[in-house]
A.B. asks: 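Quick one: the structure is below, questions incoming.
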There are 2 protein chains.
Amino acid sequence: MLTERQLEIVLAVVYEYIKTGEPVGSRTIAKRYLRGRSAATIRNEMADLEEMDFLYQPHTSAGRLPTPKAFRVYVDAILRRQRSPGDEYQYWVRELKKKRDDLESALRYATKLLGDLTNCIGVAAVGPAEEAVLQKVEFVKVAERTALLIVILKGGLLHHKTMQLPQDMDQQTLDELSQRITVVASGKSWRKVRDALLKYVMQGLQSYAENCKAALNEVDILLLKDSYHLFTGGKHNILSLPDFADLSRLQVVMALLEEESSIAELVQKFSPDKGLSVMIGKEDPAFPIEDCSVIMASNIADGKKTVLGLIGPVRMDYERSISVLEAVLDSISTDVEEEVDDI
Amino acid sequence: MLTERQLEIVLAVVYEYIKTGEPVGSRTIAKRYLRGRSAATIRNEMADLEEMDFLYQPHTSAGRLPTPKAFRVYVDAILRRQRSPGDEYQYWVRELKKKRDDLESALRYATKLLGDLTNCIGVAAVGPAEEAVLQKVEFVKVAERTALLIVILKGGLLHHKTMQLPQDMDQQTLDELSQRITVVASGKSWRKVRDALLKYVMQGLQSYAENCKAALNEVDILLLKDSYHLFTGGKHNILSLPDFADLSRLQVVMALLEEESSIAELVQKFSPDKGLSVMIGKEDPAFPIEDCSVIMASNIADGKKTVLGLIGPVRMDYERSISVLEAVLDSISTDVEEEVDDI
DNA sequence: TATTAGCACTCCCACCTAGTGAGTGCTAAA
DNA sequence: TTTAGCACTCACTAGGTGGGAGTGCTAATA
């Protein structure tokens, strides 16, 4: 589809455009990237590339700008090649690792860091605690037919939720229920024990069958179906970018970011085994903003699916952004070992 | 200090400026606000008011703009007079009341609502649970000399925190400790029982005196000294305001908002018995942004100090903003009754 | 056939130049 | 004390100009 030389030109235009933000002329390319050829030759190639929708001119007598298609080619080239971890920002990443206390605050800090290091907006999302290992499950009665469900995960993480009970239940019976669940589930991941649990839990609590089912279901929701919790940081960074000098464009981006639902959709869609992915311009309908790119990567942290991302202008330094993102994600991620033990 | 007529002119200039955003001329004031007098008269008065630092001219041949001093006069006049609850936004406030589930999400929603209704940035902060009534206190061992402290408040609210124990302690002893604290504190506010608690808690746990002290201290921190948790919403609103057409100004505001610490300071300083207060321009050093005003009000919600605020341009519709803020705050606030019972 | 030098052409942009109008300060009269 | 009148100031706009970067096309060249 593209000749070797055309590819070279496309990559050069994108690279130069990312650096300067200005339309790139044939002379520049000839002088800095394809020294053997003259500007006229490049011009001919460029005219072809324009027909093929890799380049376009903002007006007749201007240089060329890359289209999203050209960015795609450029980013794919970066992703294909082996990336080396940059050094300048390693200090910050170590700093983050040092401060890493609970996941929430780590992510909050990470989004700021991501944003500041790349001049983009940092986003983070934690999903359900699918891989987490349980330590204790407890129900506390807080009102008639209302209980507070508390799940403590290994490492001291705590999840809780207020739930309605189909039948009223006194605290003693709730304790019995808590006890039964804890005995079986402790030291294992919920995903593995949930199916085997109901029969055992019901023993001695037959008259509360409905409650038992409801209780297990709520734990299910809490640990497996909990929606993603979002963080963003460094929003102010993009204000200084020339790409967003236009206020109306800025407003669209900010409004979308505050909406959260579209970001959540984006994260939801992004399955962790995808590694790292880059969306350019309006490639993904969930983030339909021209001139914005999204980079996302994910891993497991504290037993939870964790997605880290960057939102910035299409004209961003992808190379740097990607390696910052990878480094930060790496320093957030943890592997929690699970006790091997059956019911 | 100001004659009756001068005051009238100041209020008129502020009012007109808030409406139009343009410098206000003597003719406008004469025609719309002081019909008896001619423009020339108003001009003379205005020259005096300029000397007194209530008005200024952006350039020689322009109308007058109000200084922060003039805004102060205007706002004080509003605050002095009885305010009527507006009707147009009552629908949204009712909606908020309907959705009011847990305090966190209510505040999150409230900040959005505040922002959208007033075209400002909504902020909210919840402080320590000073007034809350306890239901249960529990310690769960999660590692060698590390325990998870869980405090359940009446109504099913939960606070938790990981703490270090001076001495190691097995779960059984931790249970004993939990039990002792719960028995005394349940049904009362922590503030009232904390001082009387230590002696009782130590009984039977003499050899763990250090741990007991540490444990009570941690509950103290969790319930009384916990720092404010901040929310902001509707940040995108100010992007469309002509007052922030200047990107650099916008950037300063956004950066400050993301910093959080200065907002926290602002909230911290604001003591709840102050009712409602308005800071104009750089009146408060904690929010040193020219052309920005802050309105804050606070109350108790779910036993916690709750501050609601608005950050917007100095040129905002104070009348509307104040009444929206009061209405939203009112719909968030709750009074929790406390059981009357002594140790 | 691919490449290149030359040249006319296009169009943005920065700069300048009135012209317009809203609003002022000052003065002198009511 | 108030007001009409008038000269003056200054931001804002529209229209005009020159320079420069970059193009497309053509014809000569390897």
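Lettering follows sequence order; numbering is per chain, from 1.
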A.B. asks: State whether B:R249 and B:E290 are salt-bridged, where the test is any N-O pair (Lys NZ or Arg NE/NH1/NH2 against Asp/Glu carboxylate O) under 4.0 Å.
C.D. replies: no

A.B. asks: Mind calculating the distance between CG (A:D48) and P (D:dG24) to the nearest angstrom?
C.D. replies: 10 Å

A.B. asks: Between B:A39 and B:T60, name the one whose nearest nucleotide on DNA chain D is closer to the 5' end.
C.D. replies: B:A39

A.B. asks: Identify whether the distance between the nearest side-chain nitrogen and carboxylate oxygen of A:D284 and A:K269 falls below 4.0 Å.
C.D. replies: yes

A.B. asks: Taking 4.0 Å as the cut-off, does a side-chain nitrogen or oxygen of B:S38 come that near to OP1 or OP2 on D:dT3?
C.D. replies: yes

A.B. asks: Roughly how many Å is it from CD1 in B:I29 to C1' in C:dG23, rounded to a whole number?
C.D. replies: 13 Å

A.B. asks: Take atom NE2 of A:H59 and atom P of D:dG20, then tell me their distance rounded to the nearest Å.
C.D. replies: 16 Å

A.B. asks: What is the distance from CD of B:E50 to P of C:dT24, rounded to the nearest Å?
C.D. replies: 10 Å

A.B. asks: Could you state the CG-C1' distance from B:L65 to D:dA11, rounded to the nearest angstrom?
C.D. replies: 14 Å

A.B. asks: Is a donor-acceptor pair below 3.5 Å formed from side chain B:S61 to base C:dT24, judging by atom type as modelled?
C.D. replies: no

A.B. asks: Quick one: is B:T41 getting a side-chain N or O under 4.0 Å of the D:dT2 phosphate, OP1 or OP2?
C.D. replies: no

A.B. asks: Any side-chain N or O of A:R5 under 4.0 Å from OP1/OP2 of C:dA2?
C.D. replies: no

A.B. asks: Test your reading of the model: is there a side-chain donor-acceptor pair from A:R27 to the backbone of A:S38, 3.5 Å cut-off?
C.D. replies: no

A.B. asks: Could you state the CG-C1' distance from A:N44 to C:dG6, rounded to the nearest angstrom?
C.D. replies: 14 Å

A.B. asks: Figure out the CZ/C1' separation between A:R64 and D:dG22, and round it to whole Å.
C.D. replies: 9 Å

A.B. asks: May I ask you to say whether B:E319 pairs ionically with B:R81, meaning some side-chain N is under 4.0 Å from a carboxylate O?
C.D. replies: yes

A.B. asks: OP1 or OP2 of C:dT3 versus the side-chain N and O atoms of A:R37: is any pair under 4.0 Å?
C.D. replies: yes

A.B. asks: Do the side chains of B:K235 and B:E258 get close enough for a salt bridge, i.e. N-O under 4.0 angstrom?
C.D. replies: no

A.B. asks: In whole angstroms, how far is the C1' atom of C:dA22 from the CD atom of B:E16?
C.D. replies: 15 Å

